[in-house]
**Q** 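Take a look at the following structure, please.
Each residue takes its place number in the sequence, starting with 1. Predicted model, so just to flag it, every value in this text is computed and none were measured.
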Amino acid sequence: MRIFFTLVRRDLLVAYRRRMDVLVSLIFFVIVVSLFPLGVGPERETLRLIAPGVVWVAALLSAMLALPRLFAADHQDGTLEQMLLAPFPLSAIVLAKVLAHWLVSGLPLAFMAPVLGLQFDLPTSALLALLASLLLGTPALSLIGAIGAALTLGLRGGGVLLSLLVLPLYIPVLIFGAGAVETTMMGMTPEGHLSLLGAFLILAVLATPFVAAAALRIALE
């Protein structure tokens, strides 16, 4: 576990030194969400109706924007090859890198979303459901995205290919995440949607590090 947390701390330090890369995806999220109230108009009912989908789609696109950096820097300077030779499971290394990636991209995004949701006149209960759904959904997005980032590592035009690979896999997270907010706004409990998001996250934690590790081995051969 000491090596695992050392890897997480190392990636957090690297992200701090390249904080503009991190800020770009967060600024993108703020701009996309903020543009919709300006374009749709001040009608409250319309804004409330589109808010869950708008915020979740913006979060999904913002998460994708940060994915190409997940393994690219370590691949370019040869660190990834050294990690492959280390006496430590590559799947655990992948999980550590995904955790660090989520801490600097997904977690801030989840806490920014309720503030941005105020532009859509969302009630407090819906804002809390939005926060909970993003806290469960964004780690799943990072884990699934790790597979695409590993498969497209070093490929020309890999960013576009990565989007094509992971977007279909993001659809269940998008449906359950936006659905949790919508059900709350209808006066019902979001527990069902949040439970499905939690189950999806557990499945992603158990499966995707191994799949991404296998994809990395193929990419580095």
**Q** Show your working on side chain to side chain contact (heavy atoms under 4.5 Å, CB included) between His101 and Leu67 and close with a plain yes or no.
**A** CA-CA 8 Å; His101 176 266; Leu67 281 178; 4.0 Å; yes
**Q** Let me confirm one number: the OG-CZ distance from Ser105 to Phe29, rounded to the nearest 0.5 Å.
**A**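 Going from OG on Ser105 over to CZ on Phe29, the span is 11.5 Å.
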**Q** Show the nearest heavy-atom pair for residues Pro108 and Leu103, with the distance to one decimal.
**A**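 Closest approach of Pro108 to Leu103, heavy atoms only: CD-O, 3.4 Å.
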**Q** To check you understand the geometry: which heavy-atom pair defines the closest contact between Thr183 and Ala180, and what is its length?
**A**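 Shortest heavy-atom contact: OG1-O, 2.9 Å.
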**Q** Given side chains that start at C-beta, do those of Leu47 and Phe36 come closer than 4.5 Å, heavy atoms only?
**A**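 They are not in side-chain contact.
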**Q** Of the non-hydrogen atoms in Leu197 and Gly177, which two are nearest, and what is the gap between them?
**A** CD1-CA, 3.8 Å
**Q** For Val94 and Thr208, what are the C-alpha separation, side-chain angles and deciding distance, and is it a side chain to side chain contact (heavy atoms under 4.5 Å, CB included)?
**A** CA-CA 9 Å; Val94 169; Thr208 55; over 6 Å; no
**Q** Go through the structure and list residues passing side-chain contact (heavy atoms from CB on, under 4.5 Å) with Ser125, not counting sequence neighbours.
**A**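 Applying side-chain contact (heavy atoms from CB on, under 4.5 Å) to Ser125 gives Pro123, Thr184.
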**Q** What closest approach, in Å, do Phe71 and Ala149 show between heavy atoms, and which atom pair accounts for it?
**A** CD1-CB, 3.9 Å
**Q** Using the rule that two of Ile, Leu, Val, Met, Phe, Trp, Tyr join whenever any of their side-chain heavy atoms come within less than 4.5 Å, decide whether Leu49 and Trp56 are in one cluster.
**A** no
**Q** Check whether any side-chain N or O of Arg48 sits under 3.5 Å from a backbone N or O of Phe120 as a donor-acceptor pair, and report yes or no.
**A**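 Such a contact is absent between Arg48 side chain and Phe120 backbone.
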**Q** Say whether, by atom type as modelled, one donor and one acceptor occur between the side chain of Arg19 and the main chain of Tyr16 under 3.5 angstrom.
**A**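 Indeed, once roles are kept as given, a pair shorter than 3.5 Å links the two residues.
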**Q** If we only count heavy atoms from C-beta on, is the Val166 to Ile147 side-chain gap below 4.5 Å?
**A**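 A side-chain contact is absent here, since even the closest heavy-atom pair is not under 4.5 Å.
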**Q** Quick one: does Phe200's side chain get under 4.5 Å of Leu136's, heavy atoms only?
**A**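 With C-beta onward as the side chain, the pair stays apart.
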**Q** Within the side chain of Ser133, is there an N or O that forms a donor-acceptor pair under 3.5 Å with the backbone of Leu130?
**A**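 Present.
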**Q** Count the heavy atoms of every other residue, nucleotide or ligand shown that sit under 6.0 Å from CZ of Phe4, and state whether that count exceeds 12.
**A**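 Atom CZ in Phe4 is crowded, with more than 12 foreign heavy atoms closer than 6.0 Å.
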**Q** With rounding to the nearest 0.5 angstrom, report the CG to CG distance, Leu99 to Leu7.
**A** 10.5 Å
**Q** State, to 0.1 Å, how close Leu169 and Pro172 come at their nearest heavy-atom pair, and which atoms those are.
**A** O-CD, 3.3 Å
**Q** Would you give the length of the straight line joining atom CD1 of Ile93 to atom CE of Met83, rounded to the nearest 0.5 angstrom?
**A**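 Between atom CD1 of Ile93 and atom CE of Met83 there are 6.0 Å.
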**Q** Are Leu109 and Leu26 close enough that some pair of their side-chain heavy atoms sits under 4.5 Å apart?
**A**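 Sidechains of Leu26 and Leu109: in contact.
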**Q** Treating Ile, Leu, Val, Met, Phe, Trp and Tyr as nodes and any side-chain heavy-atom pair under 4.5 angstrom as an edge, say whether Leu122 and Leu131 lie in one connected cluster.
**A**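 Linked, Leu122 and Leu131 end up in one cluster.
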**Q** Between the side chain of Tyr170 and the main-chain N/O of Leu60, is any donor-acceptor distance below 3.5 Å?
**A**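 Side chain of Tyr170 to backbone of Leu60: no pair is present.
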**Q** Side-chain contact test, heavy atoms from C-beta onward, threshold under 4.5 Å: evaluate it for Leu116 versus Val33 and give yes or no.
**A**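 Yes - at least one pair of side-chain heavy atoms lies under 4.5 Å apart.
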**Q** Crowded around Glu81 CD? As in, over 12 foreign heavy atoms under 6.0 Å?
**A** yes
**Q** Members other than Met188 in its cluster, when Ile, Leu, Val, Met, Phe, Trp, Tyr link by side-chain heavy atoms under 4.5 Å?
**A**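 Noted: Met188 shares its cluster with Met186.
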**Q** Do the side chains of Val57 and Leu35 join up, straight or via other hydrophobic residues, at under 4.5 Å, putting them in one cluster?
**A** no
**Q** When rounded to the nearest 0.5 angstrom, what is the spacing between OG in Ser91 and CG in Leu216?
**A** 11.0 Å
**Q** Any chance you could measure Glu182, atom CD, to Ile175, atom CD1, to the nearest 0.5 Å?
**A**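 Glu182 CD to Ile175 CD1: 10.5 Å, rounded to 0.5 Å.
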**Q** So, are Asp74 and Arg69 salt-bridged, with charged N and O less than 4.0 Å apart?
**A**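 Between Arg69 and Asp74 there is no salt bridge, as every charged N stays at least 4.0 Å from the carboxylate O atoms.
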**Q** According to a hydrophobic-cluster definition based on side-chain heavy atoms being under 4.5 Å apart (Ile, Leu, Val, Met, Phe, Trp, Tyr only), do Phe28 and Val22 belong together?
**A**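 Yes, it is one cluster - the side chains of Phe28 and Val22 are joined through contacts under 4.5 Å.
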**Q** Heavy atoms only: give me the nearest Leu134-Ala110 pair and the separation to one decimal.
**A**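 So the two residues come closest at CB-CB, 3.8 Å.
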**Q** Transitively linked via ILVMFWY side-chain contacts under 4.5 Å: Leu141 with Val32?
**A** yes
**Q** Please name all residues satisfying side-chain contact (heavy atoms from CB on, under 4.5 Å) with Ala73, sequence neighbours left out, ordered by chain then number.
**A** Arg18
**Q** State whether the side chain of Ser62 and the backbone N or O of Ala58 hold a donor-acceptor pair below 3.5 Å, judged by distance alone.
**A**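 Between the backbone of Ala58 and the side chain of Ser62 there is no qualifying donor-acceptor contact (under 3.5 Å).
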**Q** I'd like to check Glu191 versus Leu196 (side-chain heavy atoms, cut-off strictly below 4.5 Å). Are they in contact?
**A**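 Of all side-chain heavy-atom pairs linking Leu196 with Glu191, none is under 4.5 Å.
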**Q** How many angstroms lie between atom CG of Leu95 and atom CG of Leu90, to the nearest 0.5 angstrom?
**A** 11.5 Å
**Q** Do Leu201 and Leu143 have side chains that get closer than 4.5 Å, going by heavy atoms?
**A** yes
